[in-house]
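These numbers come from a predicted model, not from an experiment. All ligand and atom numbering here is 1-based and tracks the order in the structure.
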Amino acid sequence: MNKNKKKYLYIPMAIALLSIVLLLIFNIDSPSKSDKLYVDFMKDIAAKKVSTVYVTSSPKIKVKLTDGNTYETDNPRTNNFKEELLKQGINVSENSPFSPKQAIPTFLLSASLVFMAVMTVKSSSLSSKKLKGVDALDVSAVSNAAYTFNSVAGNEEAKESVKDIVDFLKNPEKYNAYGARMPKGIMLYGEPGTGKTLLAKAVAGEAGVPFYAMSGSDFVQVYVGVGASRIRQLFKKARSHGKAVIFIDEIDAIGKKRDGGKTGGGSEEKDQTLNALLTEMSGFNEKEGIVIIAATNRLDTLDPALLRPGRFDRHIEINLPDIAAREKILELHLKNKPTQDINIHEWAQKTSYFSGAKIESLVNEAAILAAKDEDKFITNLHIDKAYSIVLAGYEKINRDHIKDKDKKITAYHEAGHALLTLKVLPDDKLSKVTIIPTSKGAGGYTLSIPEDKLYQNKDYLKRRIMVLLAGRAAEDIIFGSDFITTGAYNDFQQTTRMVSSMITQYGMGETLGLLNFEELSHLNYANTDNIVKECKTTIDNLYEEVKQIITKDRELLEKITEKLIEKETLLDTDIEEIAS
Ligand code: ADP
Ligand code: ZN
């Protein structure tokens, strides 16, 4: 329970304690003073001094005298006791006498006990929205404009991809006037610490709207229904302010692919929470100016329902920073600190595969060291020490230690793809070559935009296959056939699919000629041995051709590789420059 709620309990607790003390005092005092023997009571009756007797089932009965004094005496428990008294003209009451001294504390005690009980039950009950809702989770909007796109170094493409959202949040009317449907949900995906949260904050900051943040794990509860209710609370709260950015970190906690009921109890809760989220998302319209940004490390583990149009339909990948971006991140985090003689460029080089968060922690660690030594400035020396601390502190499974050797292999591999694109598919625009790993597990990638055409001819398909084979071919030529790596796994998946389609579906092979393999299988006419053989021969021949091209142009391969190791990401302009 939240601290604030606890305060409410202190008051009834204090009252209850006080009441107990009062009751004890009164109970200790009163009976001892005024107990009388039964015989004395009989004497009082005889003397007509008794006005009322309170007959209850307790062992003692109370007696009120005509002079107003009261005392207690033993309950005779005879059957006609009441009748006897009535005959003597004495009032008989079957309730205990009203004694404000005891009644008030008793009343207070009961009231406070009831109050505490209600509060406790309420706070653990599922239906209680006030306590279990967003309030209890401290979701308050952060609407400081402290975060802007300038707080996010690098990630230029991602920033570009959200600029229209900022504009939309600033004035939704403009977009409505054109009938433009803006995305309700944006999915940021990529390695942890790459600045997804930062970017979401920057969107809110740039647009000047409140920022509501929660994590997917906040919604995952033992009790069914709590997560869903929290989602509704979150949206209600955000909508009460008009425009807003709602950020849900670790969306996988509620939006993981459903695995056919394999997970036991928790899955119903997750489904309910996910459904509540989807319902809320379809519940508001585009005009409201609410944008939901979610973040995940892996896009492929998410429930496809989340990614459909009208939901999180804009997907933006946030990659680890390349050398230029790392330099900017270092600069940003060193900016307002006293520094001297720090070679930022050198540190950008040494921090390959560091995330933004890790660079931030490197700088922070260096600042702590400088402060501890009471040095005037943070220097290269401090960063050097911090570097070992940070490297040791982070788990090895992170790809930080990718050795120079691995970086070199990736660089040659990608350079092979790039070179072949230049040589055999000059019309496909080579837009990006990088050795920065993607969240999809590739060590690097080469992106080319294929020429736009309706049909792909046999020659083109063969050239595409050659480009795909070139990664492995480059490794093979440079490092030797014993040192080829697993890095071409995905390339071979694609080439195998392509070559088999050519032979079995497109009528481009020898074995089947113009026959369609699938139709033949239905008739049980298919024999796969020869088809596999032809696929293999085709690939082998193309592979030889690729190796020849690379060997002939090895100089260019080396140049691309060298630049890749230096800059980690090459854009079309860089490649043109190298190739010219
Ligand atoms: P994610 O949400 O992707 O896990 P965060 O946005 O929480 O990452 O990043 C954590 C911290 O790392 C940020 O607060 C910031 O200090 C630093 N950081 C990460 N990426 C960047 C970046 N591109 N530019 C500046 N700082 C960054
Ligand atoms: Zn490859």
Side-chain angles (χ1 to χ4, degrees), residues 142 146-159 187-205 211 213 215-216 247-252 293-298 316-322 324-336 348 351 354-364 367 390 398 409-421 433-435 437-448 464-476 484-495 546:
V142 198
Y147 290 97
T148 66
F149 284 144
N150 287 334
S151 330
V152 188
N155 283 334
E156 300 304 331
E157 290 161 51
K159 279 193 264 184
M187 184 67 70
L188 302 178
Y189 65 100
E191 304 261 328
T194 43
K196 297 182 288 295
T197 312
L198 203 60
L199 185 66
K201 280 185 189 162
V203 169
F211 178 77
S215 168
F247 179 66
I248 305 178
D249 204 359
E250 298 173 47
I251 186 98
D252 7 358
I293 303 180
T296 179
N297 298 340
R298 305 252 327 252
I316 300 173
E317 178 163 24
I318 314 284
N319 280 318
L320 286 174
D322 60 18
R326 292 200 299 269
E327 205 167 321
K328 284 185 198 147
I329 298 174
L330 279 164
E331 257 162 28
L332 186 83
H333 288 288
L334 284 169
K335 200 168 62 188
N336 295 317
T351 47
F354 271 46
S355 66
K358 207 163 146 188
I359 295 174
E360 194 271 337
S361 106
L362 172 71
V363 170
N364 188 48
V390 170
N398 275 346
I409 294 169
T410 313
Y412 272 110
H413 179 106
E414 297 306 328
H417 289 309
L419 175 67
L420 258 281
T421 310
V433 185
T434 179
I435 55 171
T438 65
S439 58
K440 295 178 191 97
Y445 62 92
T446 299
L447 191 71
S448 64
R464 283 273 309 278
I465 293 176
M466 287 168 77
V467 169
L468 286 164
L469 294 172
R472 164 58 67 82
E475 291 180 36
D476 197 348
I484 51 180
T485 69
T486 52
Y489 166 78
N490 187 261
D491 298 336
F492 296 155
Q493 267 185 331
Q494 290 189 59
T495 51
V546 171

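When side chains are defined from C-beta on, Ile435 does not count as touching Tyr445, because their heavy atoms never get closer than 4.5 Å. Using a 4.5 Å heavy-atom cutoff, the side chains of Leu468 and Gln493 are not in contact. Annotation: side chain of Glu475 is in contact with side chain of Thr485 (closest heavy-atom distance under 4.5 Å). Arg326 is listed as a side-chain neighbour of Ile359, based on a closest heavy-atom distance under 4.5 Å. No side-chain heavy atom of Glu414 sits less than 4.5 Å from a side-chain heavy atom of Thr434.
Within 4.0 Å of ligand 1, protein heavy atoms belong to Ser151, Val152, Ala153, Asn155, Pro192, Gly193, Thr194, Gly195, Lys196, Thr197, Leu198, Ile329, Leu332, His333, Gly356, Ala357, Glu360, listed by chain and number.
Around the Zn ion (ligand 2), the angle linking His417 (NE2) with His413 (NE2) is 90°, rounded to 10 degrees.
Here Asp491 reaches the Zn ion (ligand 2): one of its N/O/S atoms is less than 2.8 Å from the metal.
In terms of heavy atoms, Leu332 sits closest to Ser151 at CD2-O, 3.3 Å.
With respect to Lys159 and Glu156, a salt bridge is recorded, a charged nitrogen being found less than 4.0 Å from a carboxylate O.
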